[in-house]
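One structure is given below, encoded as structure tokens.
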Amino acid sequence: MKPVKVGICGLGTVGGGTFNVLKRNAEEIARRAGRGIEVAQIAARRPNPKCETGATPITADIFDVANNPDIDVVIELIGGYTLAHELVLKAIENGKHVVTANKALIAVHGNEIFAKAREKGVIVAFEAAVAGGIPVIKAIREGLAANRINWLAGIINGTGNFILTEMREKGRAFADVLKEAQALGYAEADPTFDVEGIDAAHKLTILASIAFGIPLQFDKAYTEGISKLTSADVNYAEALGYRIKHLGVARRTEAGIELRVHPTLIPADRLIANVNGVMNAVMVNGDAAGSTLFYGAGAGMEPTASSVVADLVDVVRALTTDPENRVPHLAFQPDALSDHPILPIGECESAYYLRIQAKDHPGVLAQVASILSERGINIESIMQKEVEEHDGLVPMILVTHRVVESRIDDAIAALEGLADVVGKVVRIRVEQLV
Ligand code: HSE
């Protein structure tokens, strides 16, 4: 059988990795796919020194690939929302299957792209968009298809996890570690996407849709980054038996779906609390399987290429199957998506770590306790440290039981209004993940 011809758009970290893996493992991949895969064209503005493209034709214009009649599958690895969106729509319009690693594109334009792909009977595959080399989309969409998914929680930004790990283990400065993550090819073109949680929210949006059978709704995700975390909170969390991780959490409740990305205290003995460096991990809790944990490299040249090529193999295998019977993009049949709402953050429920800086006066602790108890907030643990020399204030650290967020907002406002409380109360959500 003739090989399937693919065009790679973008020869950066992931594009270069994809070309290299396809070349190195060509024989084994063909044995798996049932046909050879030939890279018939590459679109790149500049060569990638880590990638020996030999005689493969190269164009500077990505639309040459989308319009190339010889190409069966377009691999979109240019990133970003705008050009990638146009490219993918053009490829679909031309009847080509698409493989993409672009989480921003899928999270923001996925509903439109999938509708167009269904119209044209082509596949759009995006395993590499979430958690790099971990086949978590396939695991949820296919491996856990028997389950009603209750919740999922993941460390889904490698750069952020790398920064938190280096800060905690080596006391390195935030900016310094970020620079290293950029040099290693982990960080987004705009690294605020990593540190402010936007990249994780893109990925969480995709995971939630696949887990719960809802349309993609990135605009409703609550997003909080790691840039304001202090080493004081990292250390107090440790003293209380927790680790701080930047987590994406999606949980199904009666009222709606929680969709939130924020720093989170996790008990230090949980496996996921010990996922360090650029590694990612996603816990998925289903009613039949219970809790499952998927772990691996969340970014980088070949781990991400591993998922791109796996998608390509799926496309090649599916070329012979009935288009109506392919695995649906969002796991559930398109006409069976649910309209269960995404909850605003104020209606989400979590436990909370609170750090209060108070003047060293009698009765402050009692006032704090009464503000919390008046709002039905139950304290799980409390730690009061000695007066700090530099400011004469006493750090008070509390961990609460689970409570709806709006009640904590109200309590924080009241706490910040106390005459003896100085500055803002630090609030970090806590998840037990059991
Ligand atoms: N910037 C992303 C990360 C790349 O650090 O996880 C992989 O999506």
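The shown structure was predicted, so the numbers you read here are calculated from the model rather than taken from an experiment. Just so you know, ligand 1 is whichever comes first in the structure, and atom 1 is the first atom listed for that ligand.
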Main-chain N/O of Ala305 paired to Thr18 side chain as donor or acceptor, under 3.5 Å: no
For [X], take its heavy atoms, then give the atoms of ligand 1 lying under 4.0 Å from any of them.
X: Asp194; value: 1 (N), 2 (C), 3 (C), 5 (O)
X: Lys203; value: 2 (C), 3 (C), 6 (O), 7 (C), 8 (O)
X: Glu188; value: 1 (N), 2 (C), 4 (C)
X: Gly158; value: 3 (C), 5 (O), 6 (O)

Mode of Asp199 contact toward ligand 1 - side chain, backbone, both, neither (heavy atoms, under 4.0 Å): side chain
Nearest non-hydrogen protein atom, atom 5 (O) of ligand 1: Thr159 OG1, 2.6 Å
For atom 8 (O) of ligand 1, the protein heavy atom that lies nearest, with its residue and separation: Lys103 NZ, 2.6 Å
Under-4.0 Å salt bridge between Glu302 and Arg24: yes
Salt bridge present between Lys96 and Glu76 (N-O < 4.0 angstrom): no
Beyond-backbone contact of Ile163 with Phe174, side-chain heavy atoms, under 4.5 angstrom: yes
Heavy atoms from other residues, nucleotides or ligands near CD of Glu27 exceed 12 (cutoff 6.0 Å): no
Glu112 atom CD, over 12 foreign heavy atoms within 6.0 Å: yes
Gly298 to ligand 1, any heavy atom closer than 4.0 Å: yes
